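First comes the structure, then the notes that go with it.
All heavy atoms count here, side chains included; hydrogens, waters and symmetry mates do not. These numbers come from a predicted model, not from an experiment. Count residues from 1 along the sequence.
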Amino acid sequence: MKKRVLCMLLATILLMLVGCKPSDPSEEPESVTLPPSHLPQFDAGEGIYNYCPTVMQTDENTAYIYYCTNRAERAVVDHIGCRKGTRSENGTWSWGAERIVLSPTAGKWDAHHTCDPSVVAGKFCYEGETYTYLMAYLGCTSCDNQDNKIGIAVAKSPEGPFIKVGDAPLVDFEFEGSADVWEWGVGQPSLVSLDKKGSVMLFYTRGDRNGTRTVVEQWALSDLSAPVRSSSETLPATGLENLEGQQDFINNADFVYDAAGERFFAVSDCHPNPTEEPDYISSHFRITCFDYSADLRSISWQNVCTVGESESGFARNHNAGLLRDAYGHLPDPYLTAFYTVSVTGPQSLWSYRIYSYHTLLP
């Protein structure tokens, strides 16, 4: 007994010497109160669609949402819209008037659609000017969802104007145009800056005759007259299961970096797609994560949550983005996803609207 008492006394003295104190079992981490989920963010007019959001939070109460939309009623030509948001006391966001910040350029590689935006802050030099914000986006010349490519644009303000960089895409795609294979191309980019300057990670979807997957590349973009790609890897799908419990793949994903946990979170569509119309969008989206390491070829995914009709009330839940800070990092002690909902049937496109969802960190 004396020996036990002596050991406890020595342990307490040691803790005091190193500036620590014995843990108090009554001390628990602060609880996190989540904002209400599955709320519409803003409406659009008849014959107008809003989808594929990405949201950049610039301070505690200010954010900017970028998304795909059309300008003319029932005309399927994608532009990129932007709205400034203000956070309310319960954690939800209210959004201002829409500004179109990027549009197709006639006669160029993005003449038909500009969509799927992702924006990060940093220091980017282009044609003698220094810009604070970099946007990556999908562009194409066709209306059949093939031959997509990835371009970039820069701005000095989150609300633009965004200036397209060069006359060629940053990530090109060699379109074969054969009738026997679907060649979606490259797109659905997601940017993350780790140095908060000009070095970025570019995640994107690639779909070709070898299948669909997500690629991550390291780019040095401080000098946009001479961009440098230092690496390119296909992210493994280890640990991903589809809605039927089978091996899944990852595409249409948006990423956020959790520096405290040294991990990435991603929100992406689930597979397989429904068989009834529309069969080209998913019924569920999911949030997953993986531990960040130097070797991205060995990652394993962990599922955080899956959201479908039973949670949102809509038959289609797809094209989601995560709330990120200006550099693509996690801004809150919880995860916020902004996702697209729609109804079924041949006119479902005109029901595309953006909703929000919140969940705790695992």
Side-chain angles (χ1 to χ4, degrees), residues 52 116 118 138 145-146 148 150 171 173 180-190 192 201-218 231-258 261-312 314-322 335 337 339-342 344 357 359 361-362:
C52 203
D116 296 354
S118 181
L138 176 153
N145 298 319
Q146 293 195 84
N148 298 300
I150 297 172
V171 183
F173 180 75
D180 63 335
V181 64
W182 182 261
E183 296 178 276
W184 186 84
V186 295
Q188 299 166 343
S190 180
V192 174
M201 299 178 72
L202 169 62
F203 299 85
Y204 64 88
T205 301
R206 182 179 181 91
D208 54 28
R209 61 176 60 248
N210 296 315
T212 302
R213 64 269 192 199
T214 290
V215 177
V216 57
E217 297 182 343
Q218 301 274 358
S231 67
S232 180
E233 301 287 352
T234 296
L235 287 181
T238 307
L240 287 179
E241 288 189 356
N242 66 16
L243 297 172
E244 298 173 346
Q246 306 299 317
Q247 175 67 53
D248 206 356
F249 60 94
I250 184 168
N251 72 314
N252 201 8
D254 191 33
F255 292 78
V256 64
Y257 180 57
D258 174 19
E262 295 184 328
R263 53 188 174 173
F264 277 96
F265 288 93
V267 62
S268 60
D269 293 341
C270 296
H271 311 99
N273 288 343
T275 56
E276 65 275 9
E277 193 172 13
D279 59 2
Y280 50 85
I281 53 178
S282 59
S283 61
H284 295 67
F285 71 86
R286 64 182 165 219
I287 298 177
T288 51
C289 67
F290 65 83
D291 293 333
Y292 180 51
S293 66
D295 187 2
L296 292 170
R297 296 168 297 182
S298 62
I299 66 168
S300 180
W301 294 91
Q302 301 173 26
N303 193 67
V304 177
C305 63
T306 302
V307 174
E309 184 174 8
S310 61
E311 291 80 22
S312 74
F314 287 88
R316 298 291 182 272
N317 303 274
H318 56 99
N319 286 283
L322 291 169
L335 291 161
Y339 64 102
T340 311
V341 304
S342 55
T344 57
Y357 174 72
T359 189
L361 296 174

If you round to the nearest 0.5 Å, how far is CD1 of Ile299 from CG of Asp291? 9.5 Å
Check against side-chain hydrogen bond (donor to acceptor under 3.5 Å, both in side chains), Asn252 and Asn319: CA-CA 7 Å; Asn252 201 8; Asn319 286 283; 2.9 Å; yes
Taking the side chain as every heavy atom from C-beta outward, state whether Asp208 and Arg213 have any pair of such atoms under 4.5 Å apart. yes
Got Pro272 and Gln246 here, is their nearest side-chain heavy-atom distance under 4.5 Å? no
Could you measure the distance from the CZ atom of Arg206 to the CD atom of Gln188? Nearest 0.5 Å is fine. 13.5 Å
Classify the ring geometry between His271 and Phe249 as parallel (under 30°), tilted (30 to 60°) or perpendicular (over 60°). parallel
In the structure I gave you, are the side-chain heavy atoms of Val171 and Pro189 within less than 4.5 Å of one another anywhere? no
Going by the angle between their ring planes, with limits at 30° and 60°, are Phe255 and Trp301 parallel, tilted or perpendicular? tilted
Identify the heavy atoms of Trp184 and Val186 that sit nearest to each other, and give their distance. CZ3-C, 3.5 Å
Is the shortest side-chain heavy-atom distance between Pro274 and Asp279 below 4.5 Å? no
Does a side-chain heavy-atom distance below 4.5 Å link His318 with Thr340? yes
To the nearest 0.5 Å, what is the distance between CD1 (Ile150) and CG (Asp116)? 9.0 Å
Would a 4.5 Å heavy-atom cut-off, applied to side chains only, mark Met201 and Gln218 as touching? yes
Please tell me whether Ser190 and Asp254 have a donor and an acceptor in their side chains that are separated by less than 3.5 angstrom. yes
With rounding to the nearest 0.5 angstrom, report the CZ to CZ distance, Phe203 to Phe264. 4.5 Å
